[in-house]
Each structure stands twice: as structure tokens, then as C-alpha cells.
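Heads up, the thing below is written out as C-alpha cells.
Indexing begins at 1, ligand by ligand and atom by atom, following the structure's order.
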Amino acid sequence: MRHLINPLDFTVEELDKLFDLASDIEKNPEKYAKKCAGKKIATCFYEPSTRTRLSFETAMLNLGGSVIGFSDAGSSSASKGESVADTIRVISCFADICAMRHPKEGAATVAATHSRIPVINAGDGGHQHPTQTLTDMLTIRSMKGHLSGFTIGLCGDLKFGRTVHSLINALSRYDDIKFIFISPEELRIPDYIIEMLKDKGIPYKEVIKLEDTIGELDLLYMTRVQRERFFNEEDYVRLKDFYILDKAKLSLARKDMLVLHPLPRVNEISVEVDDDPRAAYFKQVQYGVYVRMALILTLLGIE
Ligand code: NCD
């Protein structure tokens, strides 16, 4: 039985197959409409979510399956003190596959250890968010045709942003990738990621100003400052509007650069950018459904 806890749980070849399947689902949705008839997904969300949870639920419904779950810890037995290990043992009796989001790093790994069904990490604290990464990669692959040879700028909260950590992990396996980390000093990318890039000889640089580097980028990945992971509100208020991508800044970028964002957006992308052909963040949401459909089929071993 397989789980998806970290994007590296799948080889590059397996990811290619998954993306091919997702693209086929996009083109021929009717072929897949009953593939999961009689199957259930449990979405166990101990942290707020709009996209990720509804995307998993939509994916399963599109495959003809059904959905159970909870959308906040307060309405689950976690509020009575139940452990993740016990919850997943119980969920294993109800559902065929589980997507779990939890504020603690490592929660999905604990769940997988005690589960009888495939567990998908839908975000564990500030650690990883592999299905957002699959979404980001499918978007890039579909809109650019490939996944190698890019200079990618990651901008915003690189310290707590789990989508950033997962995307770097995943893209570091492709050829000719260069990372530019754009963040205030306080929200720099964690050292363990820098060490990984150094070990692999992958080029990167760290800068503070977006304007200084935007012209070099093939891809710009904007992120929200992760308020819920700050220890004090003062720091959050000081940093929350550090970056705002507006038309003026975008005019410095290449004509074919893509702007990605995992969403939710707060202020970091001005709404005036939404109509620019380079804005890909709402398309990402649609690709997220296709890739989650492909993932559910793959983890359930359905042809
Ligand atoms: C992200 C997350 O939850 O980490 N959202 C998402 O799943 N699309 C990004 C965020 O919350 O900022």
C-alpha cells in the first residue's frame, strides 16, 4: 500500500505517469466518471482549507465515488483528546483512502504508520504540502510543456510556507533548475533546504527585493505570509505587506513568465494583475482537481 507524504515519495518517472494520466483526465473526463464507484475518500482536516479539501472531494465525486470527513478539529474527536493514530485506525474502517491536513509537522507520517488505507498528506504544519506541488507541477508542465530548464523565483514567506518547501524538493530533481529566493530576512528559506541544494550542486540565490530579480524569471511563485505560524502578531503585521505584485512590477518581467500562487491570496498580488495573461493562479486550481483525480486512481491501484 502506498501513501503520499512528501513529493519525493514518487519517482520522476512515476510523476510523469501521474501527469500524463491527469492530462488524459482533462481531455476525456467521461472516461473516468465511474472509475471510483463504490469508493469513499475521507477528508480529515484539522486546519482551515477551501481549495485543498474541496478539490479532493470534487476529485472523488468526478470519479463517481463519495466523500466523508470533517473540516475542523473542533467537530472531530480530536477535541476530546483522540490521537491521530487512533483517528486513522477508525477512518480505515470507514473509507478507502484518506486526505489529512494537520497543524503539526509529521502528523500525516504518524497517520500513515497506523493506517490500513492510503494516506495523502494535505499539509502538515509548516512542513510539506505534496498535492499542492503536484498541482503546481501539472500547471507548469501543461502551460510550458516541460519541467526542466527554469529559473524560478519563490517570493514571500519562505520560512513557514510548506508549498514552497515541497515545490523546491520536487523541482530539484529536474535538470537546469535555478532557484531565486525572494524574502525578508525574517522569512528566509530554512537552512536544511539550502543544505540540500548545496549538496546537489543546484544554483540558488537569496534576495530581498522582487524588482531586482523579476526580469530574470521564467516562473514567479508568490506566497502568503503564514499568519497562523507566527509567534506574535506584531511580527506578522510588520511583514504581511512586504511584497505586493502589481502591474508596475509585472511590467519588469518577461512576457512569457508565469505567476503562480497556491492561494489563498491576501495582499501579495494586487487584483489588477488577475487579467494579465501571465497570471496562472486560478488555472492552477483547475489543474489541482485533475491531478488529485489521477492521484486517487493511482493510490487505489485503479487502471
Ligand atoms: C496553502 C497551504 O495550505 O499551505 N494553501 C493551499 O493549500 N492551496 C497555502 C497557504 O495557505 O498560504
Side-chain angles (χ1 to χ4, degrees), residues 4-7 22 41 43-59 69-73 98-108 119-140 152-170 181-184 186-187 189-190 193 219-230 235-236 239-245 258-269 274 279-293 295-296:
L4 177 67
I5 307 300
N6 185 305
I41 189 168
T43 53
C44 300
F45 276 59
Y46 297 81
E47 247 193 5
S49 167
T50 309
R51 258 153 307 279
T52 306
R53 185 172 59 82
L54 296 184
S55 179
F56 272 115
E57 298 188 355
T58 303
F70 54 86
S71 56
D72 84 288
C98 173
M100 179 179 284
R101 169 171 289 190
H102 200 285
K104 284 219 177 92
E105 288 79 6
V119 173
I120 302 169
N121 181 8
D124 61 328
H127 189 220
Q128 298 283 333
H129 191 346
T131 63
Q132 181 62 47
T133 294
L134 298 182
T135 300
D136 303 336
M137 293 171 82
L138 178 65
T139 307
I140 298 167
I152 172 166
L154 298 115
C155 177
D157 187 345
L158 308 187
K159 179 176 180 186
F160 296 117
R162 55 193 173 195
T163 61
V164 166
H165 306 157
S166 286
L167 186 59
I168 297 167
N169 258 355
F181 301 127
I182 308 151
S183 75
E186 295 88 334
L187 299 178
I189 196 83
I193 293 185
L219 307 165
L220 172 60
Y221 197 87
M222 295 296 294
T223 61
R224 168 181 76 90
V225 176
Q226 306 278 301
R227 178 182 203 157
E228 64 276 33
R229 315 223 186 275
F230 274 71
D235 284 348
Y236 169 72
L239 294 167
K240 72 180 171 65
D241 292 330
F242 203 91
Y243 298 107
I244 298 178
L245 178 67
L258 290 184
V259 183
L260 301 159
H261 190 308
L263 303 180
R265 149 183 62 186
V266 187
N267 287 328
E268 58 280 353
I269 302 181
D274 294 357
Y281 31 93
F282 291 115
K283 293 194 187 111
Q284 264 169 283
V285 180
Q286 186 63 61
Y287 286 119
V289 176
Y290 302 136
V291 92
R292 289 186 174 92
M293 290 170 73
L295 179 66
I296 291 170

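At a threshold of 4.0 Å, the pair Glu228-Arg162 does not count as salt-bridged, since none of the basic side-chain nitrogens sits closer than that to a carboxylate oxygen.
Scored by the salt bridge (Lys or Arg N to Asp or Glu O under 4.0 Å) test, Arg265 finds Asp274 as partners (sequence neighbours excluded). When the salt bridge (Lys or Arg N to Asp or Glu O under 4.0 Å) test is applied to Asp235, the partners found at least two apart in sequence or on another chain are Arg238. Shown here are the salt bridge (Lys or Arg N to Asp or Glu O under 4.0 Å) partners of Asp241, two or more places apart in sequence or in another chain: there are none.
The side chain to side chain contact (heavy atoms under 4.5 Å, CB included) test with Phe181 singles out one residue from Val164, Ile168, Leu187, and that residue is Ile168.
Side-chain contact between Thr52 and Arg292 is present, with heavy atoms from C-beta onward closer than 4.5 Å.
For ligand 1, the protein residues placed under 4.0 Å by at least one non-hydrogen atom are Arg51, Thr52, Arg101, His129, Gln132, Arg162, Thr163, Arg224, Gln226, Pro262, Leu263, Pro264.
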